[in-house]
Protein chains: 2
Amino acid sequence: MDACEALGAKFELWQAADLDSSRCPVRGLLDQIGDRWSTLLICALAVGPRRFSALHRLIPDISKRMLTQTLRTLEADGLVHRDVQPTVPPSVTYSLTPLGRSFAGPLLGLVEWAETHFAAVLQTRSETKRAA
Amino acid sequence: MDACEALGAKFELWQAADLDSSRCPVRGLLDQIGDRWSTLLICALAVGPRRFSALHRLIPDISKRMLTQTLRTLEADGLVHRDVQPTVPPSVTYSLTPLGRSFAGPLLGLVEWAETHFAAVLQTRSETKRAA
DNA sequence: TAACCCAGTCTCAGATAGAGACTTTGAGAC
DNA sequence: GTCTCAAAGTCTCTATCTGAGACTGGGTTA
């Protein structure tokens, strides 16, 4: 059984179990961490703990608003730890929890696939655009 | 070197290479297929080819508009093949391309992580909500 | 004295997603 | 003959989400 069949089998199980989006693990999780920024932030934090402004410098095209929001969601999901030092000005350090670090494995698989096949996707995209 | 370190190392490479979002493979790909519906559709198509309305029945809470849009994006990226039979009414069948099937591996990793850790995430979420 | 940094919050405009009506032609029910 | 449904979408309207950028307030630097 290859990965594709295994994936299909899992999908059929969800169907059979009549899982709605809130109870299906994949949907419940990927609806939240499957957005543009969450995965990128997890990559950035995989290097090591970072402060708010450091993250913003690493990923300049995220707005502060989305940076705050995404970090709060990741914190609520237990993937990221938020450590506030009560200094003035406050110093806030974000780091991956053990759960967050355990997510690095699957994420790395995705990243490696992306690196391997990005060229092919780009080519298909440009062909499609030309045909349109 | 564990997966977390490897992920961090990759992130630092992207930083060093000054990759903007359009040239970074991970961002270029995951910005598109990392949305709510793309991964779910790939799971659905992993079972086998499906027609438009069959997909809509399998995933009732996607609107026809987003279903069309998501399938077109996946087609443009070369992950999904769209086969139009010029009958009346037209019969359109969607299936995974070899590239799409190759994505099943990393996606399966993600799915398995989600199944394993969903309970932990749910618990953290509810604790966070209670504290708020 | 002025400017800048910390970690955000706030507001406003623009982009995006969802709900659901509508299309055209053929097949089956009555 | 007519009624209704299904195919695979498109269209419009509204609700939600996102991004840009101004603002906060006290301390440090020039």
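These values consider heavy atoms only, across backbone and side chains, with no hydrogens, waters or symmetry-generated copies. Numbers restart at 1 for each chain; the letters A, B, ... are given by sequence-line order, proteins then strands.
- Rounded to an integer number of Å, the gap from B:D31 CG to C:dA15 P is 17 Å.
- Taking every nucleotide of DNA chain D with any atom under 4.0 Å from a non-hydrogen atom of chain A, the first and last of them, 5' to 3', are D:dT18 to D:dG27.
- Partners of B:D2 by side-chain contact (heavy atoms from CB on, under 4.5 Å), not counting sequence neighbours, listed by chain and number: B:C4, B:E5.
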Derivation of the side-chain contact (heavy atoms from CB on, under 4.5 Å) call for A:R36 and A:M66: CA-CA 10 Å; A:R36 201 195 325 291; A:M66 283 314 292; over 6 Å; no

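- Proximity of residues 35-46 of chain A to DNA chain C (heavy atom under 4.0 angstrom from any strand atom) is not detected for any residue.
- Listed by chain and number, the residues in a side-chain hydrogen bond (donor to acceptor under 3.5 Å, both in side chains) with A:D31 amount to none (sequence neighbours excluded).
- Evaluation of the salt bridge (Lys or Arg N to Asp or Glu O under 4.0 Å) rule for A:R50 yields no partner, not counting sequence neighbours.
- Atom CG in B:L67 sits about 15 Å away from atom C1' in C:dA19, given to the nearest Å.
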Acceptor/donor pairs from residues 82-91 of chain A side chains to any protein atom, 3.5 angstrom cut, sequence neighbours excluded:
{"residue": "A:R82", "atom": "NE", "partner": "A:Y94", "partner atom": "OH", "Å": "3.1"}
{"residue": "A:T87", "atom": "OG1", "partner": "A:P89", "partner atom": "O", "Å": "2.9"}

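- For A:P98, the side-chain contact (heavy atoms from CB on, under 4.5 Å) partners are A:R101, not counting sequence neighbours.
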Under-3.5 Å N/O pairs linking protein and nucleotides 5-14 of chain C:
{"residue": "C:dC6", "atom": "OP1", "partner": "A:S53", "partner atom": "OG", "Å": "3.3"}
{"residue": "C:dC6", "atom": "O3'", "partner": "A:R51", "partner atom": "NH2", "Å": "3.0"}
{"residue": "C:dC6", "atom": "O3'", "partner": "A:P90", "partner atom": "O", "Å": "3.4"}
{"residue": "C:dA7", "atom": "OP1", "partner": "A:R51", "partner atom": "NE", "Å": "3.0"}
{"residue": "C:dA7", "atom": "OP1", "partner": "A:R51", "partner atom": "NH2", "Å": "3.2"}
{"residue": "C:dA7", "atom": "OP1", "partner": "A:V92", "partner atom": "N", "Å": "3.2"}
{"residue": "C:dA7", "atom": "OP1", "partner": "A:V92", "partner atom": "O", "Å": "3.4"}
{"residue": "C:dA7", "atom": "OP2", "partner": "A:S53", "partner atom": "N", "Å": "3.1"}
{"residue": "C:dA7", "atom": "OP2", "partner": "A:S53", "partner atom": "OG", "Å": "2.7"}
{"residue": "C:dG8", "atom": "OP1", "partner": "A:R72", "partner atom": "NH2", "Å": "2.7"}
{"residue": "C:dG8", "atom": "OP1", "partner": "A:R82", "partner atom": "NH2", "Å": "2.5"}
{"residue": "C:dG8", "atom": "OP2", "partner": "A:Y94", "partner atom": "OH", "Å": "2.7"}
{"residue": "C:dG8", "atom": "N7", "partner": "A:K64", "partner atom": "NZ", "Å": "3.2"}
{"residue": "C:dG8", "atom": "O6", "partner": "A:K64", "partner atom": "NZ", "Å": "3.1"}

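- For B:R65, the side-chain contact (heavy atoms from CB on, under 4.5 Å) partners at least two apart in sequence or on another chain are B:S63, B:Q69.
- Contacts of B:F118 classified as side-chain contact (heavy atoms from CB on, under 4.5 Å), with partners at least two apart in sequence or in another chain: A:P25, A:L29, B:L122.
- Listed by chain and number, the residues in a ring-ring contact (aromatic ring centres under 6.0 Å, His included) with B:W37 amount to none (sequence neighbours excluded).
- Among residues at least two apart or in separate chains, there is no ring pair (Phe, Tyr, Trp, His ring centres under 6.0 Å) pair with a member in residues 44-84 of chain A.
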